[in-house]
Amino acid sequence: MDKLEFWTICSANGIFIEKEQVEMLERVHDELYYWNERINLISRRDVDNIWERHFLHSLAILKYYEPPKKARCIDIGTGGGFPGIPLKIARQDLHMLLVDSIAKKIKMAGMFAQHTALRNISARAIRTEELAKEPGFKNSFDVVFARAVAPLVELLDWTKDLRKPQAPLVTLKGGDLTEEVAAAKEVFKNMTVEEINISMRGAPWFEQEGKKLLICRF
């Protein structure tokens, strides 16, 4: 997939981005491609599929969920910056904090974010449990994002002190999540979970590989 096909598929699925935003993504693409040879940020088998497997996957969230205007968001376990950087590029009103406990990964994600020249995006090398102990972070986020980081119950536990009381956790996952969701509901009894099978016109691999979006609300 090239940037033109990516742009076309986004539009076909109601995700509208401007030429300048595609150019920002292209800059991130090229830097990620270059640095992944030196620092393992994404699977090496995916390095030729960044537009599809990482950018489009991240932005698939916006087909099903619209973050509040100017929301304060956190992307935990961001790795190379996913889904946080593409979401910030597409929704420039958002305030986005990228977090990962692996310093070398978050250093690169922070560099990619900085090179977009966007405001209100930053990166921290810290565990989410520790971040909640710092001044200004407890119960301060409007949305928590994550992509295939950990079992749902762990994600919820790690971020329970970072979310505002009714802030959702929005996470990209795949496969049969029945047991995972049930285990999380046992612990977080006031939670409802919307499980969405991702379907993107022009990108059948989402359905073929059972890609899903979970929106956990409280």
Side-chain angles (χ1 to χ4, degrees), residues 1-36 41-69 71 73 75 77-94 96 98 109 112-113 115-116 118 121 143-149 152 168-178 180-181 193-216:
M1 179 181 291
D2 59 18
K3 64 179 180 180
L4 180 58
E5 186 179 359
F6 164 83
W7 195 1
T8 302
I9 291 174
C10 282
S11 298
N13 288 277
I15 303 166
F16 301 109
I17 53 178
E18 303 293 332
K19 179 182 178 183
E20 293 77 11
Q21 292 166 298
V22 176
E23 289 172 353
M24 286 182 191
L25 287 167
E26 185 174 31
R27 192 177 310 134
V28 174
H29 172 280
D30 293 347
E31 290 186 348
L32 178 60
Y33 191 95
Y34 174 82
W35 284 106
N36 203 63
L41 298 167
I42 61 174
S43 170
R44 294 229 162 95
R45 71 174 186 269
D46 278 347
V47 76
D48 292 320
N49 300 297
I50 294 170
W51 286 103
E52 186 171 11
R53 297 280 174 165
H54 298 281
F55 292 165
L56 190 61
H57 191 202
S58 297
L59 294 188
I61 290 171
L62 299 180
K63 180 174 180 177
Y64 301 100
Y65 174 75
E66 183 178 357
K69 194 76 173 172
C73 307
D75 171 16
T78 189
F82 302 103
I85 292 178
L87 287 172
K88 172 62 179 176
I89 289 173
R91 280 285 308 274
Q92 295 181 19
D93 62 291
L94 300 177
M96 185 68 69
L98 311 172
F112 301 153
H115 289 177
T116 66
L118 291 171
I121 181 168
V143 189
V144 176
F145 292 108
R147 185 176 79 147
V149 176
L152 185 59
L169 168 70
V170 180
T171 179
L172 291 161
K173 285 185 167 287
D176 185 353
L177 302 174
T178 305
E180 188 171 333
V181 170
V193 180
E194 183 180 2
E195 183 175 333
I196 300 165
N197 295 310
I198 298 175
S199 176
M200 297 287 280
R201 188 176 303 168
W205 71 275
F206 283 94
E207 294 173 88
Q208 292 166 0
E209 297 187 12
K211 296 298 182 183
K212 295 182 179 181
L213 180 68
L214 293 185
I215 305 175
C216 303

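Only this structure's heavy atoms are used, side chains among them; waters, hydrogens and symmetry mates stay out.
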In sequence, state the C-alpha distance, the side-chain angles, and the governing distance for Glu209 and Arg53, and then conclude on salt bridge (Lys or Arg N to Asp or Glu O under 4.0 Å). CA-CA 11 Å; Glu209 297 187 12; Arg53 297 280 174 165; 2.8 Å; yes
Trp205 vs Lys211, test: side-chain contact (heavy atoms from CB on, under 4.5 Å). Steps then yes/no. CA-CA 8 Å; Trp205 71 275; Lys211 296 298 182 183; 3.5 Å; yes
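Under a 3.5 Å cut-off, the side chain of Asp176 and the backbone N or O of Thr178 do form a donor-acceptor pair. Side-chain atoms of Asn197 never come within 3.5 Å of backbone atoms of Lys212 as a donor-acceptor pair (strictly under, hydrogens ignored). Without hydrogens or angle criteria, Lys63 side chain to Ser199 main chain gives a donor-acceptor distance under 3.5 Å. Side-chain atoms of Asp2 come within 3.5 Å of backbone atoms of Glu5 as a donor-acceptor pair (strictly under, hydrogens ignored). Put simply, the side chain of Gln21 gets close to the backbone of Ile89: a donor and an acceptor are under 3.5 Å apart. Under a 3.5 Å cut-off, the side chain of Thr171 and the backbone N or O of Leu214 do not form any donor-acceptor pair. Looking at Lys3, its side chain never comes within 3.5 Å of a backbone N or O of Glu26 through a donor-acceptor pair. Within the 3.5 Å criterion, the main-chain N or O of Leu62 finds no donor-acceptor partner in the side chain of Arg91. A side-chain donor-acceptor contact under 3.5 Å links Asn13 to the backbone of Arg201. Remark: the backbone N or O of Asp75 is not paired with any side-chain donor or acceptor of Thr78 at under 3.5 angstrom.
No more than 12 heavy atoms of other residues, nucleotides or ligands shown are found within 6.0 angstrom of CZ on Arg45. No more than 12 heavy atoms of other residues, nucleotides or ligands lie within 6.0 Å of CD in Glu66, so this atom counts as exposed by the packing criterion.
Using cut-offs of 30° and 60° on the angle between ring planes, the pair Trp51 and Phe6 is tilted. Ring geometry, Tyr65 versus Phe145: the interplanar angle exceeds 60°, so the pair is classed perpendicular (tilted spans 30 to 60°).
Between Ile42 and Phe82, the closest side-chain pair of non-hydrogen atoms falls below 4.5 Å. Under the 4.5 Å side-chain criterion, counting only non-hydrogen atoms from C-beta, Ile9 is not in contact with Ile15. Using a 4.5 Å heavy-atom cutoff, the side chains of Asn36 and Arg44 are in contact. The side-chain heavy atoms of Glu20 and Gln92, taken from C-beta on, include no pair separated by under 4.5 Å. Contact annotation: the side chain of Asp30 never approaches that of Val28 to less than 4.5 Å [non-hydrogen atoms, C-beta and beyond]. A heavy-atom distance below 4.5 Å is not found between the side chains of Val144 and Val170. Counting heavy atoms from C-beta outward, Ile17 and Val22 have side chains that approach closer than 4.5 Å.
Here the CG-NE2 distance, from Asp46 to His57, works out to 10.5 Å after rounding to the nearest 0.5 Å. To the nearest 0.5 Å, atom OH of residue Tyr64 and atom CG of residue Leu213 are 8.5 Å apart. Leu41 contributes atom CG, which lies 10.0 Å from atom NE2 of His54 (distance to the nearest 0.5 angstrom). A distance of 5.5 Å separates CD1 of Ile85 from CG of Leu98, quoted to the nearest 0.5 Å. One distance of note links CZ of Arg147 with CG of Leu87; it measures 10.5 Å at 0.5 Å rounding. Taking SG from Cys10 and CE from Met200, the interatomic distance works out to 6.0 Å, rounded to the nearest 0.5 Å.
Scanning both residues, Phe55 and Pro86, for their nearest heavy atoms gives CD2-CG, 3.9 Å. Residue Pro83 comes nearest to Leu172 through the heavy atom pair CB-CD1, 4.5 Å, listed as atom of the first residue, atom of the second, then distance. Closest approach of Ile121 to Ala113, counting heavy atoms only: CD1-CB, 3.7 Å. Counting all heavy atoms, side chain and backbone alike, Leu152 lies closest to Cys216 at CD1-SG, 3.8 Å. Heavy-atom minimum distance, Gly79 versus Ala109: O-CB, 3.6 Å. Smallest separation of non-hydrogen atoms from Ile198 and Glu207: O-CG, 3.6 Å.
With sequence neighbours excluded, no residue satisfies salt bridge (Lys or Arg N to Asp or Glu O under 4.0 Å) with Glu52.
A salt bridge does not link Glu195 with Lys173: none of the charged nitrogens is closer than 4.0 Å to a carboxylate oxygen.
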